[in-house]
S.K.: 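I am attaching a structure below and will ask some questions about it afterwards.
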Amino acid sequence: MSSETISDNLSSAPNIIEEATRRYPFQAIERRWQQQWAEAGVYRTTENKDRPKYYVLDMFPYPSGSGLHVGHCKNYVPGDVVARFQHMRGHNVLHPMGWDAFGQPAEQDAIKRNINPRLVVPLLAKEYKRQMNLLGIGYDWDREINSTSPEYYRWNQWAFLRLHEKGLAYRKTAPVNWCVNESTVLANEEVNDGTCWRCDGPVVKKDLPQWFFKITAYAEKLLAGLDRIDWPEGVKTQQRDWIGRSEGVEFDIPVLASPGAGTIRVFTTRVDTVYGMSFVVLSPEHPLVESITTEAQRGEVAVYREKAARLSDMDRTAEGRERTGVFTGAYGTNPVSGHRVPIYLADYVLTGYGTGAIMAVPAHDARDFEFARRYHLPIPVVIVATEAEVAQPPLDGSGMTEAFTAKDGLTVNSDRFSGLPVKVAGWRIAEWMESEGIGVRRTNYKLRDWLVSRQRYWGTPIPIIHCPQCGEVPVPLADLPVVLPDVENYKPTGDGRSPLAAIADFVNVSCPRCGGAAQRETDTMAGSVDSSWYFLRFTSPGSEKEPWDRRAADYWMPVNRYIGGREHAVGHLLYARFFTHFFYDEALISTDEPFASLSNQGMLLAETTIDADSAEKHPVKRSELVGFDFDSWLARWKSGGAFAAERVIKDTETGGERVEPVSIDFAWLKMSKSKENAVTPDYIAEKYGSDSLRLYILFEAPFEDTIQWSEERMTGVFRFANRVWDVVTGVADTYDPSWPDKVGAAADTDSAQKVLRRRTHQAIIKVTDDIAEFRFNTAVSALMIHSDALRKHILAHGAASPAVFEAAATLIKLLSPLAPHIADELWERLGHSGNYLYNAPWPAADSSVAAPDEITLIVQINGKLVDRLTLPADADAKTCELSALDSPKIKAATQGKTIRKIIFVPGKLVNVVVG
RNA sequence: GCCCUUGUAGCCCAAUUGGUAGAGGCGCUUGCCUUAGAAGCAAGUUAGUCGGCGUUCGAGUCGCCGCAAGGGUACCA
């Protein structure tokens with residue numbers, strides 16, 4: 001990227017456009033068509049009975065205050081291309097857009113500016129909508145939805161109650177992620193490396209009563225459904241790993257000679273190693289700890305438990321951290337061997353998984369091994385690698401340097417189960433334990449229930465009333481929605497309750513069941529609830545009596561093509577699948593998997609100034625740098641890497657400023673306004689036009705690939721748009737719309753027209769396949785080739801022939817999903833007025849016209865290219881082989897050698913194998 | 001650590017079920033046009049596909065082992 005380009009990016013004044021770079025009148029054209037489309041309601045959804053349906057959906061965005069930048073085109077443009085393409089191909093298309101505007105960003109903004117988010121959201125949505133229209137995205141705005149409107153969120157409440165009724169929404173006190181800075185609870189996916197995703201502050205465990213949805217009840221269905229959907233394998237793998245199904249055995253370990261003797265239930269997937277158990281470990285929070293700990297150990301145990309509770313997740317999982325624990329003083333019995341084993345407490349055992357207790361087999365588990373080493377516990381060997389070792393099994397693993405964890409060994413020292421392959425031993429031991437009543441086979445999941453309550457203001461109120469007499473009482477359906485009241489103060493209380501708790505009118509109600517005084521739940525729902533069913537709402541957004549119209553949902557679902565970022569692989573996509581499966585089970589819809597196919601767009605990166613001394617590539621705002629000038633700074637950087645600069649830091653408390661030195665580097669980081677590396681669509685639309693921006697995004701790299709923003713490269717597609725303009729407007733004067741009746745005959749008598757027709761039909765085939773397969777980059781390339789072929793044909797043969805008209809009309813049609821404004825304009829200039837290409841039929845390819853007359857036959861000897869021959873396209877195997885053997889080069893090369901085999905690939909090559 | 005993805009000209013990227021390594025774009029060079037530049041047009045320019053082994057008549061493409069980059073996830077018993 002040249003320095004010139006970058007300085008252009010920075011320019012906020014679009015009126016520096018040089019006259020010379022403006023070729024075709026894209027500004028007027030784009031404005032005009034956007035207006036016409038809107039007035040004519042071109043993109044209004046149809047449900048024509050004669051047409052199949054196609055539902056294309058972009059992930060529900062939060063309309064942020066920064067507006068759109070060109071990076072957003074990476075997700076919205078391809079969806080638009082597909083919608084247009086499928087409509088032209090004869091589908092009823094549903095392509096809606098709406099606003100996922102509840103949640104933290106809006107609320108943080110409200111707190112900062114002290115404005116009710118209720119007032120801000122419509123403004124932000126309006127700005128998003130303006131920019132999406134500016135890009136020429138053809139959404140059906142009649143179906144726009146807003147998750148913060150009571151008409152929408154009342155159905156969140158309805159869904160909550162439905163789940164509650166089935167026992168799938170429940171409340172329990174649970175340790176949750178607590179952000180110390182923000183005094184708020186975070187979902188697991190909102191915690192990065194033990195820090196808050198927003199403020200990077202520390203996150204600790206805190207016990208609070210919380211609402212959960214029992215997604216774990218759907219673990220099997222969510223797992224099985226993955227096999228039936230066309231999603232990227234990587235995303236499916238991530239979901240499978242997240243659900244984390246594992247099969248094993250659960251059994252009890254009796255506690256010996258202890259004050260509160262009982263049993264400890266453990267879960268293991270390696271029951272084949274059960275004879276190698278040398279101790280038992282409980283999680284620090286395990287309920288039995290109190291009762292089994294001996295007097296002598298009580299003090300030590302208490303200290304350890306307290307320390308564990310205070311540790312943040314970050315500390316607890318810190319890299320290379322020592323595996324620590326404490327002895328309880330108690331012992332248990334290995335139920336299969338009768339051996340006595342000590343019982344420890346250690347924080348490497350998690351409360352939330354399995355039974356919160358494990359059998360420790362140090363010889364064959366890396367964690368247990370480390371622990372045993374540290375506390376000098378025995379390391380009995382029960383698995384070996386070879387037959388030889390079975391004969392003379394080592395008893396003690398104290399000489400081992402690491403645990404032997406391979407799953408293809410043989411058992412030893414395992415009583416009657418010795419000498420068996422690990423898998424067989426596991427199977428037999430499990431069977432035996434079950435028959436003896438010692439243990440049972442069980443399946444466990446890593447998946448946890450979905451935490452949906454938040455102690456925040458800006459969300460859907462949870463429709464539950466707490467009654468001292470009746471307990472948890474659902475708000476009657478007739479009383480929905482429970483409207484989110486206005487509030488003076490948006491800040492969380494800091495005691496774990498939402499600001500709603502301070503509104504007496506809201507909180508104090510009478511119990512719907514007994515009529516007595518009761519209190520409303522003051523938690524609100526996580527934003528992930530809103531986005532878990534919005535795709536159903538889009539099928540009938542005006543539905544007042546029900547969340548969706550059954551007929552409409554059955555017609556449109558599932559979403560044919562869902563487009564969004566990879567970051568939602570396990571959060572949103574899993575929740576949405578869960579809701580859909582649930583609604584299916586409730587017989588409310590006929591589809592259980594909401595998204596038949598999924599596509600993840602790549603990121604868009606931009607050149608960013610960063611702090612060279614930060615390992616994490618911290619961006620430095622350009623506006624903070626003293627005397628910033630991109631050209632010269634980049635030149636300095638290129639000549640010597642990072643360089644010294646000064647930045648102005650504003651002190652938020654005193655309002656003063658100070659200047660401090662900083663070392664500046666450049667890096668490619670995701671585009672965002674906060675990093676000050678963003679380029680707006682408005683700027684590009686003004687300078688090159690939205691069509692060129694769309695083409696750039698589509699052409700620069702494959703859809704899934706990350707691209708590095710380059711205005712310089714954009715000029716390539718801008719030139720292409722201009723060439724298309726020149727070529728087609730050059731045809732307009734002579735254009736005859738009745739060409740379809742004449743083009744066949746014309747091509748029969750005119751070989752140049754025949755060649756042009758062939759290229760036209762090859763372009764149809766290529767572009768059709770490419771768009772259908774999301775290969776937009778090669779589709780654009782094919783159009784470049786086609787437009788160039790047409791241009792050259794006109795130069796040589798003139799613009800007044802049916803084949804030229806066909807080529808020009810086809811070019812525009814094929815281009816129209818990608819660059820809709822210029823296409824509609826040129827279409828009209830050819831005389832097809834009163835028509836939008838969105839409603840025009842997609843061109844049909846005639847494969848006989850596209851087929852070439854001649855082929856180049858490759859002739860190889862032993863797979864190496866020796867000659868090329870030009871032959872008729874329909875030449876058969878015999879003709880090709882004879883021609884090949886007749887070639888002088890082949891004759892020379894096969895002289896005196898035995899021809900062992902001849903391989904013929906029709907239309908491609910002949911390979912002569914000689915010995 | 002584990003999982004996923006990707007390595008092709010100076011750069012971004014093409015290359016049906018294995019079958020001529022190059023479609024397109026950016027950049028660069030030269031020419032035309034121009035008072036000059038920009039824009040445009042024309043012609044040209046560069047790799048043998050990250051490395052190794054294997055399968056095959058034939059490997060950029062398939063398999064295995066490495067290396068590098070990017071992303072995800074992390075004590076899940």
Side-chain angles (χ1 to χ4, degrees), chain A residues 1-2 5 18-23 193 232-238 240-242 244-246 248 266-270 273 281 283 313 316-319 321 323 346-350 352-361 365-368 370-371 444-448 566-567 569-570 600 602-603 668 695-696 699-702 704-708 710 712-717 719-720 722-723 726 766 769 775 777-785 788 791 795 856-868 900-915:
Chain A
M1 180 186 262
S2 81
T5 304
E18 291 166 41
E19 197 58 37
T21 62
R22 185 191 291 156
R23 290 274 323 258
D193 285 335
E233 275 310 314
V235 176
K236 290 207 233 179
T237 305
Q238 273 189 64
R240 285 191 192 102
D241 291 350
W242 191 262
R245 180 194 159 99
S246 63
V266 297
F267 173 75
T268 180
T269 54
R270 290 298 304 274
T273 65
V281 189
S283 73
D313 270 3
R316 204 157 154 166
T317 61
E319 193 111 1
R321 181 167 166 264
R323 232 172 269 298
D347 62 10
Y348 77 89
V349 174
L350 308 175
Y353 183 78
T355 59
I358 60 156
M359 67 168 197
V361 184
D365 180 280
R367 295 153 300 182
D368 299 344
E370 220 180 284
F371 192 87
N444 257 309
Y445 303 91
K446 276 199 261 185
L447 183 69
R448 305 297 154 81
R566 284 181 184 83
E567 65 273 21
V570 289
N600 299 125
M603 284 188 293
W668 289 102
L695 288 169
Y696 166 74
F699 178 65
E700 177 68 0
E704 316 80 41
D705 284 15
T706 293
I707 68 184
Q708 299 181 340
S710 160
E712 188 175 64
R713 288 184 187 285
M714 239 210 66
T715 60
V717 289
R719 283 176 196 150
F720 164 63
N722 278 294
R723 282 200 299 271
D726 290 346
K766 176 74 176 151
D769 286 355
R775 292 188 300 250
N777 55 330
T778 51
V780 175
S781 169
L783 289 171
M784 286 173 167
I785 294 164
D788 209 42
R791 192 163 54 90
L795 282 173
T856 301
L857 185 77
I858 300 307
V859 185
Q860 299 178 328
I861 290 186
N862 291 346
K864 284 199 178 115
L865 176 71
V866 176
D867 203 2
R868 299 157 203 254
R900 299 196 183 278
K901 202 174 1 170
I902 296 180
I903 288 165
F904 173 65
V905 181
K908 289 259 164 76
L909 64 76
V910 169
N911 182 16
V912 183
V913 184
V914 299

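Convention: sequence-line order gives letters A, B, ...; per-chain numbering from 1. Scope of the values below: all heavy atoms of this structure, side chains included, with no hydrogens, waters or symmetry mates. Treat the numbers as computed from the prediction; the structure is a model and nothing was measured.
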S.K.: Taking B/C4 as the reference, what is the distance to B/C65 when you measure between their P atoms (whole Å, please)?
M.R.: 12 Å

S.K.: Can you tell me the distance, in whole Å, between the CE atom of A/Met359 and the P atom of B/C76?
M.R.: 14 Å

S.K.: With rounding to the closest Å, how many angstrom separate the P atoms on B/U29 and B/A38?
M.R.: 11 Å

S.K.: Given B/G40, B/A77, B/C13, identify the nucleotide with an atom nearest to the side chain of A/Asn777.
M.R.: B/C13

S.K.: Could you classify B/G48 for me, syn or anti, using a glycosidic angle within 90° of 0 as syn?
M.R.: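 You should classify B/G48 as syn.
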
S.K.: Identify the nucleotide, in any strand shown, that forms a Watson-Crick or G-U wobble pair with B/G63, with both distances under 3.5 Å; if there is none, say none.
M.R.: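 With both distances under 3.5 Å, B/G63 matches B/C53.
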
S.K.: Report yes or no: is there a donor-acceptor pair, N or O only, under 3.5 Å between the side chain of A/Glu567 and the base of B/G71?
M.R.: no

S.K.: Which nucleotide in the list B/G40, B/G19, B/A77 gets nearest to the side chain of A/Phe267?
M.R.: B/A77

S.K.: I'd like to know if A/Ser781 reaches the base of B/A23 with its side chain, counting only an N/O donor and acceptor under 3.5 Å.
M.R.: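 Yes, the side chain and the base share a sub-3.5 Å donor-acceptor pair.
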
S.K.: If the cut-off is 4.0 Å, is A/Asn722 near the phosphate of B/A39, judged by side-chain N/O to OP1 or OP2?
M.R.: no

S.K.: A/Lys908 side chain: which of B/C4, B/A39, B/G19 is closest?
M.R.: B/G19

S.K.: Looking at the base of B/C57, is there any donor atom on it, or on the side chain of A/Arg900, that sits under 3.5 Å from an acceptor on the other one?
M.R.: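 Checked by distance alone, the answer is no.
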
S.K.: For A/Arg566 and B/C3, give me the distance from atom CZ to atom C1', rounded to whole Å.
M.R.: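 These atoms are roughly 15 Å apart.
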
S.K.: When you measure from the side chain of A/Glu712, which nucleotide among B/C26, B/A14, B/G25 comes out closest?
M.R.: B/C26

S.K.: I'd like the C1' distance from B/G7 over to B/G60, given in whole Å.
M.R.: 11 Å

S.K.: Considering only heavy atoms and no angle criterion, is a donor-acceptor pair shorter than 3.5 Å present between the side chain of A/Arg448 and the base of B/C76?
M.R.: yes

S.K.: Which is true for A/Pro702 with a 4.0 Å heavy-atom rule: it touches a base, it touches only sugar-phosphate, or it touches nothing?
M.R.: sugar-phosphate

S.K.: Any strand is fair game: report the nucleotide pairing with B/U5 by Watson-Crick or G-U wobble, both distances under 3.5 Å, or none.
M.R.: B/A69

S.K.: For the side chain of A/Met784, starting at C-beta, report the closest nucleotide among B/A77, B/G19, B/G24.
M.R.: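 Out of B/A77, B/G19, B/G24, the nucleotide with an atom closest to A/Met784's side chain is B/G24.
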
S.K.: Taking a pair as Watson-Crick or G-U wobble with both distances under 3.5 Å, which nucleotide is matched to B/G44?
M.R.: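 Base-paired to B/C28.
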
S.K.: Nearest to the A/Thr715 side chain among B/C26, B/A77, B/G25, which nucleotide is it?
M.R.: B/C26

S.K.: So, does A/Ser246 get its side chain near the phosphate of B/A77, meaning an N or O under 4.0 Å from OP1 or OP2?
M.R.: yes

S.K.: With the side chain of A/Arg367 defined as its heavy atoms from C-beta on, choose the nearest nucleotide among B/C76, B/G24, B/G19.
M.R.: B/C76

S.K.: Please report the distance separating the C1' of B/C62 from the corresponding atom of B/G24, rounded so that it comes out in whole Å.
M.R.: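 Nearest-Å result for B/C62 against B/G24 at atom C1': 28 Å.
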
